[in-house]
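Order of the sequence lines fixes the chain letters, A, B, ..., with proteins taken first and strands second; residue numbering starts at 1 for each chain.
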Amino acid sequence: MEKGLFPNSPHKSEIIEIKPLRSLAPLIPKPVQLSSQLGFSPFFPIGETRETQAPPVLNPAPLRSFKSTIVEEEHGAGGGSFRSPFVEEETPRGGASGGDTSSSMEGLDGHCDADDNQKRAAPDSQNRKSSQKKNKKTQDQQQADSRPSVGAGLAPNDEGDRESVNFVLMTFDSLRRRLCQLEDANQLDSTNAIKRADLRASNTLMFKGIRTNPNKRVGVAPGVEIGDIFFFRIELCLVGLHGQVMSGIDYINIKGEDKDEPLALSIVSSGIYDDDAEDNDILIYSGQGEHFNKKDKHLVDQKLQRGNLALDRSSQQHNEVRVIRGLRDVGNKSVKIYVYDGLYKIQYSWIEKVQSGGGVFKYKFVRLPGQPSAFAHWKMVQKWKEGILPRSGLILSDLSAGVESIHVPVVNDVDNEKAPASFTYFRSLRHSKPFGLIRHSNGCNCSKSCVPGDLNCSCIQRNGGDFPYTANGILVSRKQMVYECGPMCQCLPNCKNRVCQAGLKLKMEVFKTKDRGWGLRSLDPIRAGTFICEYAGEILDRANVSQNGKEEHIDEYVFDTSRIFAPFKWNYEPSILEEVSPKDTSEDYAIPSPLIISARNVGNVARFMNHSCSPNVFWQPVLYEENNHSFLHIAFFALRHISPLTELTYDYGIFRSGHTEGSSTPKGRKKCLCGSSKCRGSFY
DNA sequence: GTTAACTCAGTTCG
DNA sequence: CCGAACTGAGTTAA
């Protein structure tokens, strides 16, 4: 919509009609056939077979665990062409880029040794052991553990693509957030207590086969893009980027002349071993096994085994190794983030003697040229934040002029435009007249801060008993309406149920895009479900709007809840883990009466967010009370993890109007430049 | 069966 | 109120 353009900009006349807007593609593909996959009951008694409902799997899918992927390779016709026709049938990828998978295992993979893999694959004993382990395990997990590896039939995507990766990550995090929500509320009894929601969620997903790139492979993991960020090690496993839950080195065994040799596939550098390097394209990585012998008080020598051996072989073979950089953001050091930095090769290795006697393996990784920068970008942004490096193209240090608690810079690296058209910065909604539902409620009576699980809190009651946010302020699920505590509540302003009222928390900047006017992006990494901002502005009266119908077309800064928005799923499919799923999982918003906001004259950063048919931000209605009225707000949340400097976009939806169908070109329609494969071509 | 592995979340301590 | 240091629960693979 080019919201940031000057109203009189010549670009504004760029109204090009393309195709009918009816061809709305759902945002979330169907990379796995959930409905059919979940057709069987997940709650079978242990030991009972359930082949009756399972498809005739010739090439059994891994049920859980990363080791099972090796089993697949064993069946995979020598590794080179892991492409069972069955799997192909069972896992349509929504007609997306699917394409040819023949290059999935290039080069060295072809030498993969089936026998060796078989030796290491002992799923049954493993499972038995696991299920004996502890009674703390949930029913679901026990079933997963005891489940035989053949014939259960959830085929994962053997070859990932972008949609599958997004789907897997979205499903994972949605389930994880839900488990966190339950944990916060202590709604599970002690035997079912969730200590590690991330592991618990991933267990379920592995069990259901909701993952991509399950085969270990050299080189790229299809669908994972350089610069992608992750917040849990287990996420790397789910998308096939790095198959080790804890270990930093992932490898496979390759059949050699005499014996099998390991070969490194991917590494995670967490920086704790002091693997720093001046050049961002170089990484000095330390081998594993460094530890301090407390008895003798010296560092123990590392051994040339396991990951170290694999890295050693890779330094001779010079094969591609995926590198994931673990780092802590300068702004929020408590959060660890993993950045996929693309492919590297090991140039050489050596042994370094530490002063107290320990020998440490060192490997020099060099980044392959021609890849988009990821880690280097990070370093740059961090330096901007710390003030070490001046921000180029800065034209205004704070767009909000002090209204927000953090500065909102305006930058232009593209052309000479000095600033967006002037407007009044306002943090929230301005009402032209009293608006909203009158309630004679005084809000909740909680003393300090509302506590998840406290069903006496009237605000929690209105949310259906669930606290809408996790302890760190992340939205758990999309829902009809989020009810926040407000000024009328007795709880303190720092109550965890007041996420959308505190203004901006992320370091954002308004920037000039190449071809879409001004846009909005963040310097901070954003995890899925993070509150970004609300849509601030002046509330318009619907009657007024229809009177001045022409006005509405001209006003690019209108947010209208009565538009038609492409439905999409953000919450996980409840049947994935029925026992923890809330009753109402509807993502259809329940908006009492249409809300129309104009940010033309008055607004906040939200007015600069551009449209995309494949957005990374969505909106959610939020209600809270002020001055004895309930006021509806439009809050934006991150749809997925968003890397720094990525433009923030949401789906503008379609203007609801009788005369817009057919061949006539409605006024105000614009050519969409979102660049998504799902692009609808145009928007209002 | 045991243990290593560049985890994660929560608590304590300076 | 931080960051560091520590602890416990947790997983897979070897």
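One atom, CD1 of I267(A), and another, P of dT7(B), lie 13 Å apart when rounded to the nearest Å. Protein atom CG of D341(A) is 16 Å distant from nucleotide atom C1' of dC6(B), rounded to whole Å. Per the geometry, CE belonging to M206(A) stands 9 Å off P belonging to dT12(C), to the nearest Å. When the C1' atom of dA5(B) is taken as reference, atom CG of L309(A) falls 16 Å away, rounded to whole Å. Taking atom CG of N332(A) as the reference point, atom C1' of dC2(C) lies 12 Å away to the nearest angstrom. Following rounding to the nearest Å, L311(A) (CG) and dA5(B) (P) show an atom-to-atom distance of 13 Å. Regarding I249(A), its CD1 atom lies at a distance of 9 Å from the P atom of dA5(B), rounded to whole Å. Regarding I284(A), its CD1 atom lies at a distance of 16 Å from the C1' atom of dC6(B), rounded to whole Å.
The list of ring pair (Phe, Tyr, Trp, His ring centres under 6.0 Å) pairs with a residue in residues 300-340 of chain A, not counting sequence neighbours, is empty.
For D329(A), the salt bridge (Lys or Arg N to Asp or Glu O under 4.0 Å) partners two or more places apart in sequence, or in a different chain, are K385(A). The salt bridge (Lys or Arg N to Asp or Glu O under 4.0 Å) search around E404(A) returns none, not counting sequence neighbours. Partners of Q371(A) under the side chain to side chain contact (heavy atoms under 4.5 Å, CB included) rule, at least two apart in sequence or in another chain, are I226(A), L343(A), R367(A), L368(A).
Rounding to the nearest 0.5 Å places CZ of F167(A) at 13.5 Å from CZ of R640(A).
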Could you pull out the protein-nucleic contacts involving nucleotides 8-12 of chain B (nitrogen or oxygen on both sides, under 3.5 Å)?
| unit_1 | atom_1 | unit_2 | atom_2 | d |
| --- | --- | --- | --- | --- |
| dC8(B) | OP1 | R233(A) | N | 2.8 |
| dC8(B) | OP2 | Y338(A) | OH | 2.6 |
| dC8(B) | O4' | R196(A) | NH1 | 3.4 |
| dC8(B) | O4' | R196(A) | NH2 | 3.3 |

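For Q288(A), a side-chain nitrogen or oxygen approaches OP1 or OP2 of dC6(B) to under 4.0 Å.
With I249(A) as the fixed residue, the side chain to side chain contact (heavy atoms under 4.5 Å, CB included) test singles out one of V268(A), L309(A), I267(A): I267(A). Partner of V339(A) under the side chain to side chain contact (heavy atoms under 4.5 Å, CB included) criterion, chosen from L327(A), D228(A), I324(A): L327(A).
Residue K333(A) is the one, among K333(A) and M246(A), whose nearest nucleotide of DNA chain C lies closer to the 5' end (criterion: closest heavy atom).
In terms of modelled atom types and a separation under 3.5 Å, the side chain of R200(A) and the main chain of K195(A) share no donor-acceptor contact.
Out of dT12(C), dG3(C), dG10(C), the shortest distance to the side chain of L199(A) is found at dG10(C).
The aromatic rings of Y363(A) and F365(A) sit perpendicular, their planes meeting at an angle over 60°, well past the 30° parallel limit.
Paired runs in DNA chain B that reach 3 or more consecutive Watson-Crick or G-U pairs, where each pair keeps both distances under 3.5 Å, cover B:2-5 with C:11-14, B:7-14 with C:2-9.
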